[in-house]
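So you know, we letter chains A, B, ... as the sequences are listed, proteins then strands, and number each from 1.
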Amino acid sequence: MLLAEVAATSEAVAAVSGKKAKVELLAGALRAATAAELPSVAAWLSGQTRQRRLGVGWAAVSALLDGGPPEPAAATLTVEGVERAFEALQDAGGAGSQAARAALLRDLVLAATGPERRLLAGLVTGELRQGAQAGLLLDAIALAAAVPAAAVRRAVTLTGDPAAVAVAALDGGEPALAAFGLRVGTALSPMLAASAPSLTEAFAKTGPAGVEWKLDGVRVQVHRDGDDVAVFTRTLDDVTARLPGLVAEARTWPAGRFVVDGEVLALRPDGRPEPFQVTSSLVARHTRTDTERPLTTVLFDALHVDGTDLLDADGPTRRAALATVAPAGLLVPRHVVEDAADPGEAAAAEAFAADALARGHEGVVVKALAGAYAMGRRGAGWVKVKPRITLDLVVLAAEWGHGRRTGLLSNLHLGARDPGGRFGPAGGFVMLGKTFKGLTDAMLAWQTEHLRGIERSSNGWRVDVEPTLVVEIAFDGVQTSSRYPAGVALRFARVLAHRPDKPAGEADTVDTVLSYRPV
DNA sequence: CCTTAGACCTG
DNA sequence: GTCGCTC
DNA sequence: GAGCGACAAGGTCTAAGG
């Protein structure tokens, strides 16, 4: 199969708007691939490569395509050849490897026609933007193989390997998919949480629920089979080698064979959690020193224990199984609410959540007692509740948007008042970060118009404006920053509303922002 | 030796 | 990670 | 309700350049 066929499919998928039409196009390409080509085609048509890392990205591609190098007269690249090139990119390492990778990419791109270049660039940068990703590819596999989508989804969430599932589905149909099961040692898609602004609204989604602390760390899935222990992240990355302490600890737990779900984080000597930045840095590091802070593991779910799969079991059953895996001190604190309409129970839940916050944790996750473990889903089974901070800040500049936001001023530079001149001229504004979130199409249109009216200067991608427009911003907290003058940046900032009625002189000050630094 | 660019990972 | 739009 | 895409910020690692 020629890469041109895959590229043409991707172009066609991008050109149609309906999901069904996209799925049909994807399914057609999957059917046309041979068994050997299918893993590559399935991966690429969901915007991914089979290689976890290629070592080339946006910069390498844009340097190559800059100046519009001439295209070949005919399409010659094959799926198999491109797959081999991707393998070579992944395998390149050591001195001189950057040049080797650049040469590999250059050979590939210069041999590619226009649509093929668009596909290759999208794969390398991870931004294919054809309006279909892994989710629609699952439907396409189901359609191509004439099997239920649910069977495909289950197999993919159990293995994390859509390519293998595609091969099994088209080759062996539903019986082959049914043969996929939970395997200790193979990562499966973790269950995700929706969010709600309050406990009351969370309970409305879940019904009777267990309320658990929400810990601000890194999600881990721990597998043990005897002495074999493996640890995976939320994206199924294998981090076993980076967490030797957890591996050793897991070998001492009472159960010999299990898959459990939890979080690792760094705690201070007083038991309060370190800021996420500290935990993240410890987990990311490939080498350990004896003096650095150990990571603490907290467990909150069990997917398999000593021969029993628990994916379809309810919450209390899984929690009871978890209690047989590890010492009680490692289990996340949990408070069960049978009837949220009962004022006493509701008050107790609020007190439990307030205590979690008082101890420095992020909030709570409300987990339906009745729910199964919904792999890879962000459904109503788990609902996180975190406090929200809002401030009135001033727009200092805005950046032009991309994709569906092309032609609109999107990313806002946010500043707080600095009346005392702590970080710049007295009476000026201190930048605290940027955000593009929370803006509706109407808000984008309005702010583009308004900001152009108060434009001060422009450099092609950024428009600096008079600091007069106040925006109401919600965020989760402040984190330390080396990028911004006040030494802090807002975490997960999003726009709630424009406040053209409010004078910039009444916006919040940098001192108010600094008061939200963790204790 | 140190600095920098880029890729890639996390919430 | 959050949010809005589309199907 | 699910899927997609709009993009942030900080951190580590690798390779390259001085």
Side-chain angles (χ1 to χ4, degrees), chain A residues 16-23 46-47 52-63 89 92-102 124-139 149 153 192-195 214-220 233-235 237 239 242 263-265 275-287 362 376-380 384 386 388 399 401-406 408 410-414 432-444 474-484 488-496:
Chain A
V16 298
S17 62
K19 280 185 193 172
K20 281 177 72 176
K22 287 176 191 282
V23 167
S46 63
R52 189 166 267 284
R53 57 202 307 166
L54 295 176
V56 287
W58 185 87
V61 170
S62 70
L89 280 169
S97 61
Q98 262 181 30
R101 278 196 295 265
V124 166
T125 61
E127 299 190 341
L128 187 55
R129 287 177 196 167
Q130 59 180 9
Q133 297 185 130
L136 293 196
L137 187 85
L138 291 190
D139 290 343
R153 171 177 287 281
L192 306 173
S195 66
K214 183 173 192 325
L215 302 161
D216 196 6
V218 173
R219 185 87 174 264
V220 285
T233 64
R234 203 170 78 89
T235 52
D237 217 358
V239 288
R242 287 191 234 164
E263 193 96 357
V264 293
L265 73 165
F276 173 75
Q277 286 166 310
V278 173
T279 291
S280 169
S281 147
L282 286 171
V283 174
R285 209 166 302 170
H286 285 204
T287 52
E362 254 196 308
R377 307 302 274 269
R378 195 183 291 280
K384 55 189 159 192
K386 297 194 281 188
R388 189 184 80 168
E399 294 172 18
H402 298 86
R404 69 186 302 279
R405 290 189 177 185
T406 299
L408 294 166
S410 171
N411 205 355
L412 299 177
H413 294 206
L414 304 170
L432 294 163
K434 312 182 205 177
T435 185
F436 49 85
K437 295 177 186 131
L439 297 161
T440 64
D441 287 357
M443 289 163 80
L444 283 162
F475 59 101
D476 285 11
V478 297
Q479 56 188 5
T480 61
S481 168
S482 57
R483 180 175 311 203
Y484 295 113
V488 294
L490 306 179
R491 194 174 184 203
F492 307 144
R494 58 266 189 197
V495 180
L496 295 179

Base, sugar-phosphate alone, or nothing: which one does [X] contact when heavy atoms must sit under 4.0 Å apart?
| X | result |
| --- | --- |
| Val56(A) | sugar-phosphate |
| Gln130(A) | sugar-phosphate |
| Ala380(A) | nothing |
| Ala95(A) | sugar-phosphate |
| Lys386(A) | sugar-phosphate |
| Thr480(A) | sugar-phosphate |
| Gly96(A) | sugar-phosphate |
| Ala132(A) | sugar-phosphate |
| Thr435(A) | nothing |
| Thr233(A) | sugar-phosphate |

Candidate nucleotides [options], ranked by approach to the side chain of [X] - the nearest:
| X | options | value |
| --- | --- | --- |
| Arg129(A) | dG11(D), dA6(D), dG6(B) | dA6(D) |
| Leu136(A) | dT10(B), dG3(D), dC8(B) | dG3(D) |
| Thr235(A) | dT10(B), dA9(D), dG1(C) | dT10(B) |

Would you say [X]'s side chain and [Y]'s backbone share a donor-acceptor pair under 3.5 angstrom?
| X | Y | answer |
| --- | --- | --- |
| Thr440(A) | Met443(A) | yes |
| Arg388(A) | Lys386(A) | no |
| Gln277(A) | Thr480(A) | yes |

Is the phosphate of [N] approached by [X] (side-chain N or O, under 4.0 Å from OP1 or OP2)?
| X | N | result |
| --- | --- | --- |
| Arg483(A) | dA9(D) | yes |
| Lys437(A) | dG5(D) | no |
| His402(A) | dG5(D) | no |
| Lys384(A) | dT2(C) | yes |
| Gln277(A) | dG11(D) | yes |
| Gln98(A) | dT14(D) | no |
| Arg405(A) | dC7(D) | no |
| Tyr484(A) | dG10(D) | no |
| Arg491(A) | dT2(C) | no |

#### Entry: Pair Glu362(A) + Lys384(A), salt bridge at N-O below 4.0 Å
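Salt bridge between Glu362(A) and Lys384(A), a charged N being under 4.0 Å from a carboxylate O: no.
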
### Query
Hey, are Asp441(A) and Arg404(A) close enough for a salt bridge, meaning a charged N less than 4.0 Å from a carboxylate O?
yes

What is the separation between atom [atom1] on [X] and atom [atom2] on [N], rounded to the nearest whole Å?
| X | N | atom1 | atom2 | value |
| --- | --- | --- | --- | --- |
| Arg494(A) | dG1(C) | CZ | C1' | 9 Å |
| Leu192(A) | dG3(D) | CG | P | 11 Å |
| Arg388(A) | dG1(C) | CZ | P | 19 Å |
| Arg53(A) | dC13(D) | CZ | P | 11 Å |
| Phe436(A) | dC7(D) | CZ | P | 7 Å |
| Leu282(A) | dT12(D) | CG | P | 9 Å |
| Trp58(A) | dA5(B) | CH2 | C1' | 12 Å |
| Arg285(A) | dG11(D) | CZ | C1' | 10 Å |

Might you point out which heavy atoms bring [X] and [Y] nearest each other, and give the distance in Å?
| X | Y | result |
| --- | --- | --- |
| Gly403(A) | Thr406(A) | O-OG1, 2.7 Å |
| Thr435(A) | Val495(A) | CG2-CG2, 3.8 Å |
| Gly55(A) | Arg101(A) | O-NE, 3.2 Å |

Interface polar pairs with nucleotides 5-7 of chain C, N/O, under 3.5 angstrom:
unit_1, atom_1, unit_2, atom_2, d
dC5(C), OP1, Asp441(A), N, 3.1
dC5(C), O3', Arg404(A), NH2, 3.3

#### Entry: Spacing of OG belonging to Ser410(A) relative to NZ belonging to Lys434(A), to within rounding of 0.5 Å
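One finds 11.0 Å between OG of Ser410(A) and NZ of Lys434(A).
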
### Query
Measuring from Leu490(A):CG to Leu432(A):CG, what's the distance to the nearest 0.5 Å?
5.0 Å

Which pairs would a plain distance check flag for residues 280-287 of chain A, meaning a side-chain donor or acceptor within less than 3.5 Å of a matching protein atom at least two apart in sequence or in another chain?
unit_1, atom_1, unit_2, atom_2, d
Ser281(A), OG, Arg285(A), NH2, 2.9
Arg285(A), NH1, Glu292(A), OE1, 3.1

#### Entry: Closest-nucleotide ordering on DNA chain D, the 5'-leading residue of Arg101(A) and Asn411(A)
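It is Asn411(A) whose nearest nucleotide is closer to the 5' end.
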
### Task
Have a look at Phe276(A) and tell me which of Leu265(A), Leu215(A), Val218(A) forms a side-chain contact (heavy atoms from CB on, under 4.5 Å) with it.
Val218(A)

### Query
Where does DNA chain C form stems of at least three consecutive Watson-Crick or G-U wobble pairs, each pair having both distances below 3.5 Å?
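Result, WC/G-U stems under 3.5 Å: C:2-7 with D:1-6.
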
